[in-house]
*Asks:* 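Structure below; questions to follow.
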Protein chains: 2
Amino acid sequence: MSNLFTNKKLGILGGGQLGRMLIQSAIDFNMSVAVLDPDAAAPCSFMADFTVGKLTDYETVLNFGKRCDIITIEIENVNTQALKELVKMGKQVYPQPEVIELIQDKRVQKKFYEEYRIPTAEFILVDSKVEVIKQKDFLPAVNKLGKEGYDGRGVQLLRTEKDLDKAFDAPGLLEKLIDFEKEIAVIVARNENGDIVSYPAVEMVFHPEKNLVEYLFAPASLPGNVLQEADRIARKVIKSLNMTGLLAVEMFVTKDGKVLVNEVAPRPHNSGHQSIEANITSQYEQHLRAIYNLPLGACNTVLPSAMVNLLGEEGHEGVARYQGFEEIAKLPGVHVHLYGKHLTKPFRKMGHVTIVDINVERLKQTTQLVKQTLKVIA
Amino acid sequence: MSNLFTNKKLGILGGGQLGRMLIQSAIDFNMSVAVLDPDAAAPCSFMADFTVGKLTDYETVLNFGKRCDIITIEIENVNTQALKELVKMGKQVYPQPEVIELIQDKRVQKKFYEEYRIPTAEFILVDSKVEVIKQKDFLPAVNKLGKEGYDGRGVQLLRTEKDLDKAFDAPGLLEKLIDFEKEIAVIVARNENGDIVSYPAVEMVFHPEKNLVEYLFAPASLPGNVLQEADRIARKVIKSLNMTGLLAVEMFVTKDGKVLVNEVAPRPHNSGHQSIEANITSQYEQHLRAIYNLPLGACNTVLPSAMVNLLGEEGHEGVARYQGFEEIAKLPGVHVHLYGKHLTKPFRKMGHVTIVDINVERLKQTTQLVKQTLKVIA
């Protein structure tokens with residue numbers, strides 16, 4: 001018992017929408033929050049003790065972290081050397097800097113899965129475009145950059161030899177293209193005590209070109225044994241990483257019912273937005289519970305839900321306007337979350353819409369209507 | 001369609017917990033919020049464009065309102081002359097200043113019920129203690145101050161002649177003591193278009209001495225015809241007031257099944273806190289939808305719920321500490337909302353806890369456990 005969290009200041013590296021929703025949740029626990037982000041107009045800029053600075057700069061992260069007690073991230077591309085120094089100073093950094101480093105490099109991540117016998121797509125490490133071209137017999141494959149891929153960037157599909165020219169000329173990997181039935185995600189959380197909880201799997205539908213989640217349904221409609229396997233794998237990953245915090249584990253379900261890890265993110269994640277309305281404990285509160293070493297919350301589904309990412313329309317760049325807002329606000333069970341971004345550009349994540357409905361067929365209809373109606377234009 | 005609400009600044013008179021939860025909701029709609037409150041450490045002070053100033057001062061309210069486009073309240077005790085002036089300047093003020101004035105004075109409020117044939121307890125207007133004493137044949141009764149009663153203040157129970165000495169020596173009213181079965185509340189909302197929605201009734205249990213809601217259950221367990229009558233009355237009140245915004249209508253259900261209006265509050269209300277988790281649209285989002293003339297949201301219950309007010313323990317005054325927090329955080333379906341108040345004192349509203357559970361018996365057990373376990377001490 002204490003005067004709760006007012007005297008344990010939370011520092012968040014990154015001030016985007018994930019930080020924004022984390023702060024909305026932190027308010028309920030009287031947590032005092034500081035945020036570091038390079039963009040003075042970031043979604044969190046009006047909501048916290050906000051510092052403008054580069055997340056990849058050692059001194060900037062170190063000085064920011066010194067003012068905090070518990071430090072977390074909402075984006076992986078941060079200076080982990082500074083985080084390690086902060087740990088030495090006695091700060092609590094969750095996820096741990098070593099986990100962030102492992103996840104920053106998809107090559108290291110894949111080797112980790114191999115070492116811990118966590119099922120994942122077959123892969124080959126490559127250092128350059130020339131090396132990719134040598135592996136033409138490995139096609140169809142996905143060429144991924146080792147570092148700095150994010151939100152669909154740093155991923156290139158190579159179906160046939162004709163595509164080889166699109167390969168990255170940088171250290172990365174080639175991953176066998178999986179002929180999957182579904183892409184799913186399981187979010188797990190682990191606190192310092194080592195308690196683990198997991199959310200029911202969700203199924204994601206990606207944008208055909210942009211490798212961004214376009215919408216998702218929760219919980220996923222899959223056979224019980226597949227769901228069990230996905231849950232087992234997600235729990236195994238967080239345990240093997242020995243990490244504290246929230247971990248989103250994205251997986252493929254193959255046509256023959258195998259479950260393979262695609263990639264993981266050690267923080268609140270796009271695949272968990274709907275937990276705000278659709279689960280007993282939201283992923284944001286769960287992350288806070290985990291890193292403050294509180295008892296973890298129940299993950300049960302309250303209602304079936306869908307989540308539509310609200311992406312900037314193609315061909316529109318400038319001050320954002322929200323076409324169709326009133327039409328969709330009329331629909332029962334529709335929750336709009338805007339991210340406070342002044343400017344839109346094609347495919348920028350401007351917000352999301354969660355739809356809850358006890359009737360799954362109607363839920364799918366409403367989801368399509370939301371996708372067709374609500375547009376972010378300039 | 002517009003760039004939504006960034007260019008329609010919301011001004012809230014009052015920076016307490018109701019304002020705090022209103023801001024948490026306004027974030028999702030990209031609303032820019034300004035708050036006026038006399039206390040520099042008010043619950044909203046870190047969350048918005050915050051001004052320290054007296055809510056009852058004409059110039060202060062006028063100058064604050066000039067900077068906003070839509071002005072609302074989270075407490076009734078505000079300067080309505082300034083609000084009327086702001087309306088003349090073209091500002092949107094919801095609830096309307098005339099509605100706030102009517103509700104500021106319980107005498108005017110009672111006469112309004114009489115005029116519109118809205119069922120309410122029999123009453124007599126009194127101007128002084130001497131006048132109360134003359135009405136001893138009207139006992140048992142409740143003596144209420146006309147103005148400035150709030151959170152249990154300004155209400156005095158007069159059971160017998162022996163109690164007459166406790167009567168207020170100020171303009172007020174005497175209301176027949178109702179031998180009620182239950183106290184309930186129905187929250188209704190109305191937008192500029194005149195659309196009306198209503199939440200399922202909740203039943204409230206008051207603190208035996210302090211006239212504060214101690215806890216409540218939602219939805220209320222009452223016969224269908226009583227619930228229908230309560231709903232009809234609540235809708236009639238907001239329509240008769242011709243008001244825009246959210247209105248909490250507190251009612252007595254008598255032992256013979258009659259429904260009588262006790263009092264109303266034209267803003268988000270303590271009896272609607274649980275709507276954050278337990279209803280499709282929270283009362284906070286609903287209030288925003290109403291005053292921005294958006295389509296109103298669905299009010300359906302998602303799960304049965306209880307709400308426990310977290311009041312400062314008797315005998316404790318000083319920096320707040322939260323005893324039993326971890327124990328209750330373990331319980332499934334328990335949501336803690338703290339109000340960011342640094343100092344506690346006896347019966348100060350420091351936070352609330354919402355419990356959701358599909359199983360109503362277990363819900364009641366958890367509610368008792370929360371009440372017994374979580375204590376705000378100094």
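Every chain is numbered from 1, with letters handed out A, B, ... down the list of sequences.
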*Asks:* Shortest non-hydrogen contact from Leu294(B) to Glu326(A)?
*Replies:* CD2-OE2, 3.7 Å

*Asks:* How about Phe347(B): does its CZ atom have over 12 heavy atoms from other parts shown lying under 6.0 Å from it?
*Replies:* yes

*Asks:* Spell out, as yes or no, whether a donor-acceptor pair under 3.5 Å connects the side chain of Asp28(A) to the backbone of Val336(B).
*Replies:* no

*Asks:* Does Tyr322(A) reach the side chain of Asn30(B), with side-chain heavy atoms less than 4.5 Å apart?
*Replies:* yes

*Asks:* Glu285(B) versus chain A, heavy atoms under 4.5 Å apart: side chain, backbone, both or neither?
*Replies:* side chain

*Asks:* Inspect the surroundings of CZ in Phe50(A) and state if more than 12 heavy atoms from other residues, nucleotides or ligands are less than 6.0 Å away.
*Replies:* yes

*Asks:* Checking Val376(B) against chain A: side chain, backbone, both or neither under 4.5 Å from a heavy atom?
*Replies:* neither

*Asks:* Side chain, backbone, both or neither: which part of Leu303(B) has a non-hydrogen atom closer than 4.5 Å to chain A?
*Replies:* side chain

*Asks:* Working to the nearest 0.5 Å, report the span between CD1 of Ile280(A) and CG of Asp357(B).
*Replies:* 7.5 Å

*Asks:* Among Ala48(A), Pro332(A), Ala298(A), Gly340(A), which has the most heavy-atom pairs under 4.5 Å with chain B?
*Replies:* Gly340(A)

*Asks:* Is the distance between the ring centroids of Phe29(B) and Phe325(A) under 6.0 Å?
*Replies:* yes

*Asks:* Considering residues, nucleotides and ligands other than Lys371(A), do more than 12 of their heavy atoms fall under 6.0 Å from its NZ?
*Replies:* yes

*Asks:* Looking at chain A, which one of Arg289(B), Glu327(B), Met21(B), Met47(B) has the largest number of heavy-atom pairs inside 4.5 Å, strictly under?
*Replies:* Arg289(B)

